[in-house]
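Below: the structure, in C-alpha cells.
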Amino acid sequence: MKKLFVLLAVCAGVTTATAQELPKKGSIITEIGFTPFKSSGETFKLNDAMLKFRYFVTDKDVVRLKLGVGIDNNTTDNATFTHPQDLSGNYVQVEDYSKKTTNKKSNIQIMLGYERHFAPTGRFDVYAGAEIGFEWNNRSGSIEENELTTSYSNSKLDYITQTTKNTDYTDMTPDGELSSHAFKGGVFAGLDFYIYKGLYLGTELGISFTSGKSPNGYSSYNSSTVTTNSSGVVTYAQNESYSGDTGLTTTNTTINNHTTTTVYAQQASTTERSATKLKLYVEPAIRLGWKF
C-alpha cells in the first residue's frame with residue numbers, strides 16, 4: 001500500500017513537471033525548421049532560411065510571424081584554349097576563349113498567421129490555424145565573354161582579333177530563372193513535442209496557395225570586336241549594343257576608316273506571366289523551437 005502511494009506521488013510529480021513545460025498565456029517562442037535527410041544526398045538543410053516567432057495571447061490562442069531572407073550568388077568560370085593548328089598550308093590559327101557566368105538570386109518572405117491549440121496534455125501540443133503573406137523573388141545575372149584569335153601566315157603574325165561581350169540580365173538569371181512576386185496563404189495543422197523544459201520538436205502539414213506574377217526577364221549586352229594587322233593597325237572594328245527593354249540593336253562598323261551605323265528594332269520583352277498554385281504540403285523537416 002505504501003509503495004502504491006509512492007508511485008502515485010511520483011506520477012503526479014512527472015505530470016506536473018511536463019505540464020509546466022507547455023506554453024501558457026504570454027509565452028514567446030522562436031523556431032527554425034531544418035531537414036536532417038534528403039533524397040538528393042544533402043544531410044542537413046535549413047528550410048528556406050525561415051524563422052518563426054509565436055506569441056501566446058491566451059493559453060490556446062497564438063499569433064505567429066514567419067520571416068525568410070535568402071541570398072544565393074554563384075559564379076562559374078570557363079576557359080578553353082586551342083593549340084596552334086595548321087589549317088591550310090602555312091596558315092596557323094590560335095584561339096583563347098573565356099566565359100564568366102554570374103547568377104544572383106535573393107528572396108524575402110513574410111507570413112502572418114493564427115493558431116488555435118487544443119487541450120495540450122503531457123508533452124504534446126496539437127494545433128490548427130491559417131496564415132497569409134507575401135513573397136518577393138529577385139533574379140539577375142551577367143555573362144562576360146572574351147575571345148582572342150591570333151593568325152599566322154608563313155610563320156609570321158598576320159592579324160589579331162579581340163572580341164569582348166558583356167551581357168546583363170534583368171528579372172532573370174542566365175540559367176533562365178525569373179523574378180516573381182506573389183500573395184501566399186494556407187491552412188495547417190501541427191504537433192509539438194516538448195523534450196525538455198522549453199525545448200521542443202514539431203512537424204506541420206496543410207494546404208497552401210500562391211498567386212503571383214513573373215515579368216519576362218530580358219538581357220542587354222555590349223559587344224566589341226577589333227582586328228589589327230601585323231603592324232598594329234586597326235583594319236576592322238565593330239561595336240554592337242542591344243537592349244531587351246527597348247528591343248533596339250545598334251551596330252557601328254568601321255572598315256578602313258569608314259564607319260557604318262545600323263539600327264535594328266525587334267519586339268521588346270514586356271509580357272508578364274501570372275500563375276496560381278494550390279497544393280498539399282507536409283513538412284518532412286523537423287521544427288526545432290524554444291519557449292521563453
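What you see is a predicted model; the values in this text were computed from it and never measured.
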More than 12 foreign heavy atoms under 6.0 Å from [atom1] of [X]: is that the case here?
X      : atom1 : answer
Asn257 : CG    : no
Ile195 : CD1   : yes
Arg116 : CZ    : yes

Do [X] and [Y] get their side chains close enough for a donor-acceptor pair, meaning under 3.5 Å?
X      : Y      : value
Gln238 : Thr225 : no
Ser179 : Asn138 : no
Asp125 : His117 : yes

* To do: Would you sort out whether Arg54 and Glu115 count as a salt bridge (charged side-chain N to carboxylate O under 4.0 Å, His left out), showing the intermediate values?
  => CA-CA 9 Å; Arg54 305 158 89 182; Glu115 299 175 359; 2.8 Å; yes
* To do: Evaluate side-chain contact (heavy atoms from CB on, under 4.5 Å) for Val234 paired with Val226, printing each intermediate quantity in order.
  => CA-CA 7 Å; Val234 176; Val226 177; 4.1 Å; yes
Common cluster, [X]/[Y], ILVMFWY with side-chain heavy-atom separation under 4.5 Å:
X      : Y      : result
Tyr97  : Val92  : no
Val62  : Ile29  : yes
Ile132 : Tyr114 : no
Phe183 : Met111 : no
Tyr169 : Trp136 : no

Looking at every non-hydrogen atom in both residues, tell me the closest pair between [X] and [Y] and how far apart they are.
X      : Y      : result
Phe53  : Thr30  : CD2-CG2, 3.7 Å
Ala128 : Phe118 : N-CE1, 3.7 Å
Glu145 : Asn166 : N-OD1, 4.5 Å
Phe209 : Leu278 : CB-CD1, 3.7 Å
Lys100 : Thr75  : CE-CG2, 3.6 Å
Tyr55  : Ile28  : CD1-CG1, 3.7 Å

If you round to the nearest 0.5 Å, how far is [atom2] of [Y] from [atom1] of [X]?
X      : Y      : atom1 : atom2 : result
Tyr194 : Leu22  : OH    : CG    : 6.5 Å
Phe134 : Ile108 : CZ    : CD1   : 11.5 Å
Ser230 : Asp158 : OG    : CG    : 7.0 Å
Asp72  : Glu177 : CG    : CD    : 8.5 Å
Leu51  : Leu67  : CG    : CG    : 7.0 Å
Lys52  : Leu65  : NZ    : CG    : 11.0 Å

Does any non-hydrogen side-chain atom of [Y] lie less than 4.5 Å from one of [X]?
X      : Y      : answer
Glu95  : Leu148 : no
Lys104 : Arg139 : no
Thr253 : Tyr236 : yes
Glu135 : His181 : no
Ile160 : Thr149 : no
Leu178 : Arg273 : yes
Thr101 : Asn103 : yes
Tyr127 : Asp192 : yes

* Asked: Within 45 degrees of the axis of the six-membered ring of Phe188 and under 6.0 Å from its centre: does Arg64 put its NZ or CZ there?
  -> yes
* Evaluate the side-chain contact (heavy atoms from CB on, under 4.5 Å) criterion for residues Lys66 and Ile110: first the C-alpha distance (whole Å), next the side-chain angles of each, then the deciding distance (0.1 Å), finally the verdict. => CA-CA 6 Å; Lys66 292 167 65 176; Ile110 300 176; over 6 Å; no
* Intermediate values then yes/no, side-chain contact (heavy atoms from CB on, under 4.5 Å), Lys165 and Asn222 -> CA-CA 6 Å; Lys165 184 177 181 180; Asn222 288 285; over 6 Å; no
* Can Ser220 and Asp168 be said to form a side chain to side chain donor-acceptor pair (under 3.5 Å), step by step? -> CA-CA 5 Å; Ser220 299; Asp168 293 319; over 6 Å; no
* Candidate pair Glu147 and Thr80, rule side-chain contact (heavy atoms from CB on, under 4.5 Å), full reasoning -> CA-CA 10 Å; Glu147 183 175 7; Thr80 59; over 6 Å; no
* Candidate pair Thr235 and Thr227, rule side chain to side chain donor-acceptor pair (under 3.5 Å), full reasoning -> CA-CA 6 Å; Thr235 60; Thr227 300; 5.2 Å; no
* **Under 3.5 Å donor-acceptor, Asn239 side chain and Asn252 backbone** => no
* With distance as the sole test, does Ser243 use its side chain to make a donor-acceptor pair with the main-chain N or O of Gly247 at under 3.5 Å? -> no
* To do: Begin with the C-alpha distance, continue with both residues' side-chain angles, and end with the deciding distance and a verdict on side chain to side chain donor-acceptor pair (under 3.5 Å) for Ser224 and Thr164.
  => CA-CA 5 Å; Ser224 174; Thr164 62; 4.6 Å; no
* Asked: Do the two ring centres, one from Phe193 and one from Tyr200, sit under 6.0 Å apart?
  -> no
* Assess the pair Tyr221 and Tyr242: is the distance between their ring centroids shorter than 6.0 Å? => yes
